Amino acid sequence: MIKATICLGLLISYYSVNSEIISKGLNSTYVPDWWQTSIIYQVYVRSFKDSNGDGIGDLIGLTQKTDYFKNLGVGAIWLSPIFQSPQLDFGYDISNYKEIDKSYGSLADFDRLLIEFHKAGIKVILDFVPNHTSDEHEWFIKSVKKIAPFTDFYVWKDPVIKDGERHPPNNWLSVFNSGSAWEWNEERQQYYLHQFLVKQPDLNYRCPTVVEDIKNTLSFWLGRGVDGFRFDATNYLFEREDLLDEPKSGKPDYEDTDYDSLNHIHTLDQPETYDMVRVWREYLEKYAEIKQEPFTKFIMVECYSPFDKTMMYYGTPSAPAAHFPFNFQFIGKFNHQSNAHDLRDVVVSWIRNMPEGMWPNWVLGNHDNSRIASRLDPMLVDGLHMIQLLLPGTAVTYYADELGVEDTYVRWDQTIDTAGLNVGPRRYEKFSRDPARSPFPWDDSINAGFSNGSKVWLPINPRYWRDNMMAQTKFKSHLKTYKQLARLRQSPTFVRGDLHVYAFSKWVFGFSRSYYDHPTYFVIINLGSEMETINLLNARNTLPDILKVKISSINSGYVTGNLLHSEYITMRPKTALVLTTSRINEDNY
Ligand code: NOJ
């Protein structure tokens, strides 16, 4: 049985022999765009490199590391928010969209950063926060005072009076578990909506001036030369106007003030939100056209939404919205218990459910979640990178995951993330995001080479003496695997080739990529805790008897160049391999 769909020149057909999927890859006439072939690397600027000894990463420090990205094979960096901010949510609370926060540097530093990265052929994407500002933003201060045109810039509502007492307009809750999403403002005598912190009031997208002013801020940064945006918390942009209460979620283990105790059907993914993303896409396209920009201006959106609603952020071929919404399936659906069939579903479901003509992406981690090495298994880091970098689609890497860095334990007295602070010492470990935001370990010198200051903003991972970037250049390491993969990813087979997916056994997942007379590659990962032996001839009987190890995970016991019998490939627990049919070292990839 064969089923086929066309996807951006990618012809994908599925048939049900041994759980295989076959895709025919890109048409030879299709030229993939920069954001499709690139690895996008998320830089948590605060933790990347401190140039002035204040213990906080900054733009000058980041610029000094341009070569690191070049050598890594990264095509674009996405900077976590760098705009002026009181930093209560580390930059996601913006008090001025057109200024750089002093702790990160100045506009001049930013312009220099852009020049240097562009010179190195690396695109720069900004993290833009459209849903809310800081309450210290001039817009909010003026809105409180009802100064035109800011009066309706935020979501203001009258209280409900019951038995002579004032109550919020409804039961909506704030994400950071601090209770109601409404805060009373004494001066204006109204409640304002804040889906995140009290100090992060939600903008009102039903006010046309807000829509215009946000566009103006986008063009301010486009004018400086940025290549695109990551839109934060996009699914929160609109709420139901009739303010209906949200129903209980019924999820166990949540308290009544916890965000997850409600089902957010009235505050997330409202129909107007998709239109807004489309408007931004059109705006960026128009901008690029008018200014005759040589490269596409790119949009990716963040939304932790149900699958069908997430897919709608792609828009349609005739009315595209984002280039892609983040694919958070490796974060939300894949865990310690997952077997080869689960992994196959994670891969297949995204590709199958994308609207026609759209492009996949693979995210393993970010600043809001535990790191892959801790969330999954340090031993799976190489295998997961093989999947992420060698499947068709854009790879999005969180800083220092290329080193397989683990979360850093942060004590209660050191905790600074409000998501942790809000729930108190008993529960902070479940909610705090500090552990995944620790400074980048460059080497084994003081403060892991991150800063020469006397203190740093978050504890350094104590394993830095051993697990650091410099050390990983000296032996078989996650970093070396990552670099090999980033290089191989550029070969015609991976840029254009087809895709077959296999579950070889309950615990061994694999896929292959082929393109005309270029070598065929197999990626195989053993998720289980036992040794496994795989017969690849069962999956593809046209294979040569011998395959060569192209890349191997550090724990595999194999090295590049080993020759293996296709029908007898033994794999240690939690190991992964990239095998090739090539007999020579083709194309230098
Ligand atoms: C999503 C961001 O990723 C997260 O870090 C932030 O706290 C919220 N949006 C609020 O802006």
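Quick note: numbers below take in every heavy atom, side chains included, and nothing from hydrogens, waters or symmetry partners. Please read these numbers as outputs of a predicted model, since none were measured by experiment. First listed ligand is number 1; within each ligand, the first listed atom is number 1. Position 1 is the first residue of the sequence; numbering continues from there.
Surrounding NZ of K145 are at most 12 heavy atoms belonging to other residues, nucleotides or ligands under 6.0 Å away.
With Y41 as the aromatic partner, K123 does not meet the cation-pi criteria of under 6.0 angstrom to the ring centre and within 45 degrees of the ring axis.
Close approach to D368 involves these atoms of ligand 1, each under 4.0 Å from a residue heavy atom: 1 (C), 2 (C), 3 (O), 4 (C), 5 (O). Per-residue contacts place H132 under 4.0 angstrom from the following atoms of ligand 1 (heavy atoms of the residue considered): 10 (C), 11 (O). Close approach of ligand 1 to R433 is summarised as follows: ligand atoms under 4.0 Å from at least one heavy atom of the residue are 4 (C), 5 (O), 6 (C), 7 (O).
Each of F326, F117, F231 was scored for a ring-ring contact (aromatic ring centres under 6.0 Å, His included) with W78, with one residue passing: F326.
For atom 7 (O) of ligand 1, the closest non-hydrogen atom on the protein side is D89 OD2, 2.6 Å. The protein atom (non-hydrogen) at minimum distance from atom 1 (C) of ligand 1 is D232 OD1, 2.8 Å.
Residue contacts with ligand 1 for F176 involve side-chain atoms from C-beta outward but no N, CA, C or O (heavy atoms, distance under 4.0 Å).
Close to ligand 1: R230, with a non-hydrogen atom less than 4.0 angstrom away.
Note on D407 versus R375: no salt bridge recorded, every NZ/NE/NH1/NH2 to OD/OE distance being 4.0 Å or above. The residues D253 and K251 are annotated as not salt-bridged, no charged nitrogen and carboxylate oxygen being separated by less than 4.0 angstrom.
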